[in-house]
Q: 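Pasting a structure here, questions to come.
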Amino acid sequence: CDSEEILYESIANFTQIFTREDYVLNPYSLFILASYSFNKSKEARLAIIETFISCFNQQKINLKVLAQHYATLIDANYAPLARFIECLTQVKNSSDLNNSALLQLIGLILKAVKIPEKLPTNFKKLFELYYELIAQYHTPLDQDTKAILQAWQTQFPTLKSVIQKILKQ
């Protein structure tokens, strides 16, 4: 066994507790899920993806709390954003319930993240994923979300095309 395999097994066993019906995901467990979504180990992220799929299907994740944890990690430049976006992308289309949870989660993250002076690397991919989900489900945006998106568009012209597509939905 190599260290990657041991890490995956330990994270998978640990996060499997989160998927039990009798386990209540508290803010601390949600922070663990959020931080593992940025983990360098692909195997560790795979365990998180499996956990998200199960927990989203059980509707046991407080999306507002999870979004706030993600916003905190993104604001702090915790780790490469591509790892987190890969997790979300892998969860996408596993079920309508998961897609609905992802759509809500990304919307909440975009509202919670502080607009930085420099666009984080790969952040545009988060907007693209959000657009794909909105287009798939023809989801109308509330006024707060529209205002946040317009603020992002004003700060970062590179996001203009994807944000305009989102706003047209």
Q: Would you compute the distance between atom CD1 of I166 and atom CG of L141 and round it to the nearest 0.5 angstrom?
A: 7.5 Å
Q: Output yes when a side-chain donor or acceptor of H69 lies under 3.5 Å from a complementary backbone atom of K64, and no otherwise.
A: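 Pair absent, no side-chain N/O of H69 close to backbone of K64.
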Q: Are any side-chain N or O atoms of N99 and backbone N or O atoms of N93, one a donor and one an acceptor, separated by less than 3.5 Å?
A: yes
Q: Locate the shortest heavy-atom distance separating A112 from D75; write the atom from each residue and the value.
A: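 Minimum heavy-atom contact is O-OD2, 4.3 Å.
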Q: Taking all atoms of both residues into account, what is the closest heavy-atom pair of I53 and S94, and its distance?
A: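 Taking every non-hydrogen atom into account, CG1-OG, 3.8 Å.
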Q: Do S54 and R20 have side chains that get closer than 4.5 Å, going by heavy atoms?
A: no
Q: Between L167 and Q153, is a side chain to side chain contact (heavy atoms under 4.5 Å, CB included) present by the stated rule, with each step listed?
A: CA-CA 11 Å; L167 292 172; Q153 181 177 297; 4.2 Å; yes
Q: Treat each ILVMFWY residue as a node, draw an edge where side-chain heavy atoms are under 4.5 Å apart, and state whether I17 and V65 are in one component.
A: yes
Q: Please test I106 against L110 for side chain to side chain contact (heavy atoms under 4.5 Å, CB included), starting from the C-alpha separation and ending with a verdict.
A: CA-CA 6 Å; I106 295 170; L110 294 176; 4.1 Å; yes
Q: If we count only N and O atoms by modelled type, under 3.5 Å, do the side chains of T145 and K111 hold a donor and an acceptor together?
A: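 Present: a donor and an acceptor within the cut-off.
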Q: To the nearest 0.5 Å, what is the distance between CG (L102) and CG (L63)?
A: 9.0 Å
Q: Quick check: closest heavy atoms across A135 and Q169, and the distance to 0.1 Å?
A: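 Closest pair (atom of A135, atom of Q169, distance): CA-OE1, 3.5 Å.
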Q: Could you check whether T154 and Q150, counting side-chain N and O atoms only, form a donor-acceptor pair closer than 3.5 Å?
A: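 Note: Q150 and T154 side chains miss the donor-acceptor criterion.
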Q: Any side-chain donor paired with an acceptor under 3.5 Å for N26 and S29?
A: yes
Q: Run through W152, F156, Y130 and flag the one making a ring pair (Phe, Tyr, Trp, His ring centres under 6.0 Å) with F123.
A: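 Running ring pair (Phe, Tyr, Trp, His ring centres under 6.0 Å) over W152, F156, Y130 with F123 returns exactly one hit, W152.
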Q: Could you state whether L97 and I49 fall into the same hydrophobic cluster, counting links through intermediate Ile, Leu, Val, Met, Phe, Trp or Tyr residues with side-chain heavy atoms under 4.5 angstrom apart?
A: no
Q: Measure the spacing between CD1 of I109 and CD1 of I148 and express it to the nearest 0.5 Å.
A: 13.5 Å
Q: For a quick test of reading the model, state the closest non-hydrogen atom pair linking C87 to R45 and the distance between them.
A: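 Looking at all heavy atoms of both residues, the shortest contact is SG-CB, 3.7 Å.
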Q: Does F127 have its ring centroid less than 6.0 Å away from the ring centroid of Y131?
A: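 No.
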Q: Are the side chains of P80 and N122 in contact, using a 4.5 Å heavy-atom criterion?
A: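 They are not in contact (no side-chain heavy atoms under 4.5 Å apart), so the answer is no.
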Q: To the nearest 0.5 Å, how far apart are CD1 in I48 and CD in E43?
A: 13.0 Å
Q: Does a side-chain heavy-atom distance below 4.5 Å link I74 with K114?
A: no
Q: Check K92 against E132 and note the closest heavy-atom contact, atom names and distance.
A: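 Heavy atoms of K92 and E132 come nearest at NZ-OE1, 2.6 Å.
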Q: For a side chain to side chain contact (heavy atoms under 4.5 Å, CB included) check, start with the C-alpha distance between T139 and L133, then their side-chain angles and the critical distance, and finish with the verdict.
A: CA-CA 8 Å; T139 306; L133 291 164; over 6 Å; no
Q: What distance do L108 atom CG and L103 atom CG have between them, rounded to the nearest 0.5 Å?
A: 9.5 Å
Q: Using modelled atom types only, decide if a donor and an acceptor are shared between the side chain of T51 and the backbone of A47 within a distance under 3.5 Å.
A: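 Side chain of T51 to backbone of A47, a donor-acceptor pair under 3.5 Å: yes, one is there.
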Q: So do L105 and I61 actually touch side chain to side chain, heavy atoms under 4.5 Å?
A: no
Q: Over 60° means perpendicular and under 30° means parallel, so classify the ring planes of Y36 and F14, tilted if in between.
A: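 Rings of F14 and Y36: perpendicular, over 60°.
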Q: For the pair E128 and K165, find out whether any cationic side-chain nitrogen is under 4.0 Å from an anionic carboxylate oxygen.
A: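 The answer is no: the pair does not qualify as a salt bridge.
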Q: Taking the inter-plane angle between the rings of F52 and Y70 on a 0 to 90° scale, is it parallel (under 30°), tilted (30 to 60°) or perpendicular (over 60°)?
A: tilted
Q: With side chain to side chain contact (heavy atoms under 4.5 Å, CB included) as the criterion, how do E50 and Q16 come out once you've worked through the C-alpha distance, each side chain's angles and the decisive distance to 0.1 Å?
A: CA-CA 9 Å; E50 292 168 359; Q16 191 172 26; over 6 Å; no
Q: Taking atom NZ of K60 as the centre, does the number of heavy atoms from other residues, nucleotides or ligands within less than 6.0 Å exceed 12?
A: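 Yes, because the 6.0 Å sphere around NZ of K60 holds more than 12 heavy atoms from other groups.
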Q: Please report the closest heavy-atom contact between A34 and L66, naming both atoms and the distance.
A: CB-CD1, 4.0 Å
Q: Could you give the distance from OH (Y78) to CZ (F38), rounded to the nearest 0.5 Å?
A: 8.5 Å
